[in-house]
Number of protein chains: 4
Amino acid sequence: MNSVNLIGRWTRDPEMRFTQNGKALTKVSIAVNRTFGEGADFFEVVIWGKIAENTAQYTKKGSKVGIEGRLQQETWEKDGQKRSKVVIVAERVEFLDNKNSQSNPNNEIDGFQAIDDDDDIPF
Amino acid sequence: MNSVNLIGRWTRDPEMRFTQNGKALTKVSIAVNRTFGEGADFFEVVIWGKIAENTAQYTKKGSKVGIEGRLQQETWEKDGQKRSKVVIVAERVEFLDNKNSQSNPNNEIDGFQAIDDDDDIPF
Amino acid sequence: MNSVNLIGRWTRDPEMRFTQNGKALTKVSIAVNRTFGEGADFFEVVIWGKIAENTAQYTKKGSKVGIEGRLQQETWEKDGQKRSKVVIVAERVEFLDNKNSQSNPNNEIDGFQAIDDDDDIPF
Amino acid sequence: MNSVNLIGRWTRDPEMRFTQNGKALTKVSIAVNRTFGEGADFFEVVIWGKIAENTAQYTKKGSKVGIEGRLQQETWEKDGQKRSKVVIVAERVEFLDNKNSQSNPNNEIDGFQAIDDDDDIPF
DNA sequence: TTTT
DNA sequence: TTTT
């Protein structure tokens with residue numbers, strides 16, 4: 001079991017690219033406010049596939065989002081040193097800014113996005 | 001382990017009362033939209049203590065909220081029949097309507113509310 | 001967002017069947033102990049696909065499991081009355097009885113089972 | 001909202017100490033197996049209060065546990081460089097080794113431990 | 001209806 | 001009984 005749920009705001013615009021095998025990959029950072037209003041924690045978020053595309057397209061720095069995902073340890077080498085950090089792999093991203101509820105009455109982009117990209121999800 | 005995380009909207013105004021021992025108790029129902037936009041699920045939510053008061057004071061029918069809590073089985077008797085249902089006991093409620101972000105720059109009621117007033121530890 | 005995480009024990013043997021479209025469906029009930037040892041809550045669990053098969057094959061009444069899933073409201077009619085109840089749709093089931101850690105050194109069935117076999121809806 | 005749920009095993013013995021203000025603090029590291037059996041992720045876990053004491057007393061390297069908690073960003077300075085890492089603050093720890101289910105039929109230490117230390121929780 |  |  002490895003499950004994470006967060007609500008927060010992007011601290012910068014989501015950056016999307018395609019990997020060599022053609023899969024969309026978005027990286028972004030989230031600010032999660034602490035319970036009693038004293039500051040925030042900042043985490044790195046990694047998103048794959050169709051929701052990576054949707055997130056890059058429909059959200060930006062400051063957007064409020066809800067995330068369902070899991071924790072992952074990323075490891076790499078730098079100067080012969082093993083380094084590692086914890087990131088959140090988002091499996092669902094819910095867009096929580098209802099600014100567009102006027103202009104988007106059907107709420108099509110508000111709500112969870114599908115996990116996968118290699119398929120058919122209407123979006 | 002018993003952990004639930006939801007984002008949704010109240011389907012009616014939260015109803016608060018005080019129990020005999022003076023503890024605030026709010027009951028409300030939440031609509032949680034399904035992933036692919038096809039309908040919603042409706043759940044009953046029970047809130048205790050200070051967040052019960054805050055929820056009743058600052059949210060209403062239609063308010064968007066994030067909930068951290070746990071599942072609980074409520075049981076009772078009716079006509080000599082044992083009945084039971086599942087409710088969510090919310091230990092934190094995050095108010096997600098940023099309408100008030102203008103009028104409430106310090107964001108005091110936006111964000112998680114403390115669990116406790118002055119009593120026992122629910123967590 | 002709709003996310004549930006539980007640890008508990010099956011209160012009865014998982015019952016598996018295949019739906020008309022050939023998808024495995026397992027129903028079972030879980031007992032989740034409360035924090036301070038006073039009793040338990042009982043919830044109904046619904047499992048689809050390959051993990052439905054694995055759960056039916058490798059677990060039984062009394063098995064300890066961890067569940068990742070989501071809440072779902074089931075509705076039906078009885079005597080012209082609309083009825084409804086809350087169930088947990090398990091998207092992952094982790095088998096926590098390490099009795100078999102001897103006989104199953106590779107731990108292949110201990111740990112999360114994949115959600116799907118070969119089809120739609122990864123989540 | 002900031003919620004994490006994990007099942008895994010301690011990679012080393014939990015190390016407990018008391019802070020200056022007399023609060024118990026346990027640090028430990030957890031290995032969480034990936035879904036399809038390919039490897040594990042390793043995370044640092046921080047535990048406060050009574051459950052810090054219980055965890056140090058009743059678990060050790062290799063113990064299987066379930067954790068409910070939240071993510072926290074720890075920051076510090078090293079060589080004039082700002083550094084930061086993500087840790088899990090465990091608010092509940094469930095002991096999942098049922099070795100003692102024989103010798104401990106009442107299961108008193110199996111199950112969640114309370115969060116706080118400044119009180120009375122029977123344990 | 002209930003698990004350990 | 002239901003929210004947007």
Side-chain angles (χ1 to χ4, degrees), chain A residues 66 94-112, chain B residues 1-2 6-15 27-34 37-45 59-67 73 75 81-86 96-99, chain C residues 1-2 6-15 27-34 37-45 59-67 73 75 81-85 95-99, chain D residues 66 94-112:
Chain A
E94 187 162 356
F95 307 151
L96 298 174
D97 289 319
N98 20 27
K99 300 165 192 169
N100 31 23
S101 45
Q102 291 304 100
S103 55
N104 180 26
N106 292 340
N107 218 17
E108 273 161 273
I109 68 158
D110 188 49
F112 275 122
Chain B
M1 182 188 289
N2 180 341
L6 301 173
I7 293 175
R9 290 184 186 274
W10 300 143
T11 63
R12 49 183 172 86
D13 288 333
E15 287 165 21
K27 299 197 172 184
V28 64
S29 163
I30 193 170
V32 177
N33 289 317
R34 299 226 176 103
E38 348 102 1
D41 292 282
F42 299 86
F43 307 113
E44 290 183 49
V45 177
T59 67
K60 57 180 198 293
K61 180 174 174 173
S63 292
K64 185 182 276 192
V65 295
I67 288 178
Q73 191 195 206
T75 55
Q81 290 269 159
K82 261 193 171 172
R83 303 271 277 112
S84 133
K85 69 178 172 188
V86 173
L96 298 173
D97 289 318
N98 21 27
K99 300 165 192 168
Chain C
M1 182 188 289
N2 180 341
L6 301 173
I7 293 176
R9 291 183 186 275
W10 299 144
T11 63
R12 50 185 172 82
D13 289 333
E15 285 165 23
K27 296 196 174 186
V28 63
S29 164
I30 194 170
V32 177
N33 289 316
R34 300 227 175 103
E38 349 100 0
D41 292 281
F42 299 87
F43 308 113
E44 290 183 49
V45 177
T59 67
K60 58 178 197 295
K61 180 176 175 172
S63 292
K64 186 182 275 193
V65 295
I67 289 178
Q73 189 194 208
T75 56
Q81 290 267 158
K82 262 192 169 170
R83 303 272 277 112
S84 135
K85 69 178 173 189
F95 306 150
L96 298 174
D97 289 318
N98 20 27
K99 301 163 190 170
Chain D
E94 187 162 356
F95 306 151
L96 298 173
D97 290 318
N98 21 26
K99 301 165 191 167
N100 31 24
S101 44
Q102 292 303 101
S103 55
N104 180 25
N106 292 340
N107 219 16
E108 274 161 273
I109 68 156
D110 189 47
F112 275 123

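Just so it is clear: chains get the letters A, B, ... in the order the sequence lines come, proteins before strands, and each one is counted from 1. In what follows, every heavy atom counts, from backbone to side chain, and hydrogens, waters and symmetry copies are set aside.
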What contact category does C:Glu44 fall into here, base, sugar-phosphate, or nothing, at under 4.0 angstrom with non-hydrogen atoms? nothing
F:dT4 C1' sits how many Å from A:Glu94 CD, rounded? 11 Å
Interatomic distance, B:Glu15 CD vs F:dT2 C1' [rounded to whole Å]: 13 Å
Can C:Trp10 be said to stack with the base of E:dT3, given centres closer than 5.5 angstrom and planes under 30 degrees apart? no
Under 5.5 Å centre to centre and under 30° between planes: does that hold for C:Phe42 and the six-membered base ring of E:dT3? no
Rounded to whole Å, how long is the line connecting atom CG of C:Leu6 with atom C1' of E:dT2? 16 Å
Taking the side chain of B:Ser29 as its heavy atoms from C-beta onward, which of F:dT2, F:dT3, E:dT3 lies nearest to it? F:dT2
Regarding the side chain of C:Lys82, the nearest nucleotide among F:dT4, F:dT1, F:dT2 is F:dT1
Whole-Å gap separating C1' (E:dT4) and NZ (C:Lys60): 13 Å
Spell out, as yes or no, whether a donor-acceptor pair under 3.5 Å connects the side chain of B:Asp13 to the backbone of B:Lys61. yes
Output yes when a side-chain donor or acceptor of A:Glu94 lies under 3.5 Å from a complementary backbone atom of C:Met1, and no otherwise. yes
Does OP1 or OP2 of E:dT4 have a side-chain N or O of C:Lys64 closer than 4.0 Å? no
Under the rule for side chain to side chain contact (heavy atoms under 4.5 Å, CB included), what residues qualify as partners of B:Val32, not counting sequence neighbours? B:Leu6, B:Ile30, B:Phe43, C:Asn2
Out of E:dT1, F:dT3, E:dT3, minimum distance to the side chain of B:Lys61 belongs to F:dT3
In whole angstrom, give the distance that lies between atom CZ of B:Arg12 and atom P of F:dT4. 14 Å
Side-chain heavy atoms of C:Leu96 within contact of C:Arg9, under 4.5 Å: no
Measure CG/B:Leu96 against C1'/F:dT3 and give the value in whole Å, please. 13 Å
Rounded to the nearest angstrom, tell me the gap between atom CD in C:Gln73 and atom P in F:dT3. 13 Å
Side chain of B:Asn33 only, heavy atoms from C-beta on: which candidate in F:dT2, F:dT3, E:dT4 is closest? F:dT3
Could you tell me how far apart C:Asp13 (CG) and E:dT3 (P) are, to the nearest whole angstrom? 12 Å
Once salt bridge (Lys or Arg N to Asp or Glu O under 4.0 Å) is applied, do any residues pair with C:Lys27, and if so which ones, sequence neighbours excluded? none
Residue C:Arg9, side-chain heavy atoms: nucleotide from E:dT4, E:dT2, F:dT3 that is nearest: E:dT4
